Amino acid sequence: MELLYEGKAKKVYRSEVPGQLIMEFKDDATAFNGQKRGQIADKGSVNARMTARIFQWLMEKDIPTHLIRPLDDRHLLVRQLTMIGLEVVVRNEVAGSLSQRTGLPEGTAIAQPVLELYYKNDALGDPLINDDHVRLLHLASPQELEAIRRQAMHINEWLRPFFQERGILLVDFKLEFGWFEGQLMLGDEISPDTCRLWDIQTRERLDKDRFRRDLGGVEEAYQEILKRVMT
Ligand code: ADP
Ligand code: UDP
């Protein structure tokens, strides 16, 4: 297989079929824009299986995603999208950089979900940008951005109860979108790497913050999330 791209968490290969890619999920973990590096045992397998499960479930709700089918525990066959250079973050509770930016304590409830746009650019450290910057950088037209916002909020409305039924609070998460034959599609992954997931009862963190903040029990948290998501 021809390796097209190696990122921090995944390798992307060309498949035999034009317009289709194979995404391989790695155990490598990075945080703070690549400054902290490590490995999380079986993370690749957890993230690939969780992404497949959630994307299949979202497609049943008529949300278009890039997923064609999982190939094995670590590899997903996906449509090749023309990616939009944005990280779209949706937040239901204050955590992480929103707490730092606003001074609101982590765990503060948010009445109406907050949507943020980050410019996907490693050299710049993925800065927070606004709608005018999106237009300036030609990342999306105002109409396209409106469609992206609407779809991200819609996905949040589906995912919150999905996790709640499994005893998990969906604190925040990051989405990436792209275009396929004129259609907006959800790409990339949804996993404990890209979401903040807290146990509803104990508010224990079951996500990458355990790695970022050296809280221990990282592998166990990823396995616990996978177990609950697969039910
Ligand atoms: P990063 O690039 O941030 O280090 P990854 O290691 O997860 O991230 O690499 C995966 C790359 O593949 C990302 O750049 C992501 O935008 C891109 N990508 C995800 N899904 C698709 C897709 N369906 N088509 C094309 N590119 C994709
Ligand atoms: N996130 C992500 N990739 C990034 C940055 C953030 O998946 O490059 C996710 C992160 O896991 C969290 C949400 O987006 O679920 C919001 O992250 P935040 O802005 O608080 O960033 P951080 O705390 O990582 O600085």
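First listed ligand is number 1; within each ligand, the first listed atom is number 1. For clarity, every value in this text was computed on a predicted model and none was experimentally measured. What you see below is based on every heavy atom in this structure, not just the backbone, and it leaves out hydrogens, waters and symmetry mates.
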Under 4.0 Å between a Lys/Arg side-chain N and an Asp/Glu carboxylate O for E106 and R213?
yes
If you scan the protein for heavy atoms around atom 6 (C) of ligand 2, do you find one that is closer than 4.0 Å?
no
Would you confirm whether N130, through its side chain, and H133, through its main-chain N or O, come within 3.5 Å as a donor-acceptor pair?
yes
Show which atoms of ligand 2 fall inside a sub-4.0 Å distance from at least one heavy-atom site of D126.
8 (O)
Close approach, K208 and ligand 2, non-hydrogen under 4.0 angstrom:
no
Atom 19 (O) of ligand 2: of S97, P192, A95, the nearest heavy atom sits on S97
Answer yes or no: is there an ion pair linking R210 with E220, defined by an N-O contact shorter than 4.0 Å?
no
How about NZ on K227, more than 12 heavy atoms from neighbouring residues, nucleotides or ligands closer than 6.0 Å, or not?
no
Please state which part of A31 comes within less than 4.0 Å of ligand 2, counting heavy atoms only: side chain, backbone, both or neither.
neither
Below the 3.5 angstrom mark, is there an N/O of E116, backbone or side chain, next to an N/O of ligand 2?
no
May I ask whether D193 has any heavy atom positioned less than 4.0 angstrom from an atom of ligand 2?
yes
Of all the atoms in ligand 2, which lie at a distance below 4.0 Å from a heavy atom belonging to Y118?
19 (O)
Could you list the atoms of ligand 2 found under 4.0 angstrom from a heavy atom of G96?
20 (O), 23 (O)
Residue pair F55 / H66, side-chain heavy-atom distance below 4.5 Å
yes
How far is atom 13 (C) of ligand 2 from the closest protein heavy atom, and which atom is that?
D172 OD1, 3.5 Å
the protein heavy atom lying closest to atom 10 (C) of ligand 2 turns out to be R212 NH2, 3.5 Å
If the threshold is 4.0 Å, N to carboxylate O, is there a salt bridge linking R196 and D207?
no
Verify side-chain contact (heavy atoms from CB on, under 4.5 Å) between R101 and E116, making sure each step is shown before the conclusion.
CA-CA 12 Å; R101 188 170 295 110; E116 295 173 342; 3.9 Å; yes
salt_bridge(K36, D214) N-O dist < 4.0 Å:
yes
Without swapping roles, check the side chain of K208 against the backbone of V218 for a donor-acceptor pair under 3.5 Å.
no
Heavy-atom distances under 4.0 Å are what count here, so tell me which part of F32 touches ligand 2: side chain, backbone, both or neither.
neither
Run the salt-bridge test on R79 and E181 with the 4.0 Å N-O cut-off and return the result as yes or no.
no
Just jot down the ligand 2 atoms closer than 4.0 angstrom to any heavy atom of K174, in number order.
1 (N), 2 (C), 3 (N), 7 (O), 9 (C), 14 (O)
Any protein N/O atoms within less than 3.5 Å of an N/O atom in ligand 1? List the atom names and distances, or say none.
from	atom 1	to	atom 2	distance (Å)
ligand 1	2 (O)	Y5	OH	2.5
ligand 1	3 (O)	K8	NZ	3.3
ligand 1	3 (O)	K120	NZ	2.9
ligand 1	4 (O)	K8	N	2.7
ligand 1	4 (O)	K8	NZ	3.2
ligand 1	6 (O)	K8	N	2.9
ligand 1	6 (O)	A9	N	2.7
ligand 1	6 (O)	K10	N	2.8
ligand 1	7 (O)	K10	NZ	2.5
ligand 1	16 (O)	E176	OE1	2.6
ligand 1	20 (N)	D188	N	3.2
ligand 1	23 (N)	H66	ND1	2.8
ligand 1	23 (N)	R79	O	2.8
ligand 1	24 (N)	L81	N	3.0

Where's the contact between R91 and ligand 2, heavy-atom distance under 4.0 Å: side chain, backbone, both or neither?
side chain
Could you check whether D131 pairs with R149 (Lys NZ or Arg NE/NH1/NH2 to Asp/Glu carboxylate O, under 4.0 Å)?
yes
Only heavy atoms of E87, strictly under 4.0 Å: list the atoms of ligand 2 that pass.
3 (N), 4 (C), 5 (C), 8 (O)
What protein heavy atom sits nearest atom 23 (O) of ligand 2, and how far away is it?
R196 NH2, 2.6 Å
Pair D193 + K26: basic N to acidic O under 4.0 Å:
no
Nearest heavy-atom contact between Y119 and G85 is CD1-O, 3.7 Å
Under a 4.0 angstrom heavy-atom cut-off, which atoms of ligand 2 come close to V89?
14 (O), 16 (C)
Where on D207 is there a heavy atom closer than 4.0 Å to ligand 2, on the side chain, on the backbone, on both, or on neither?
neither
Identify the two heavy atoms, one from G125 and one from N33, that lie closest to each other, and give their separation to 0.1 Å.
CA-ND2, 3.4 Å
D27 (side chain) donor-acceptor with K43 (main chain) under 3.5 angstrom
yes
Expected output: side-chain E2 to main-chain R14 donor-acceptor under 3.5 Å:
no
Once you restrict to heavy atoms under 4.0 Å, what part of T194 touches ligand 2? Side chain, backbone, both or neither.
both
In this structure, does ligand 2 have an atom that sits under 4.0 Å from one of the heavy atoms of Q100?
no
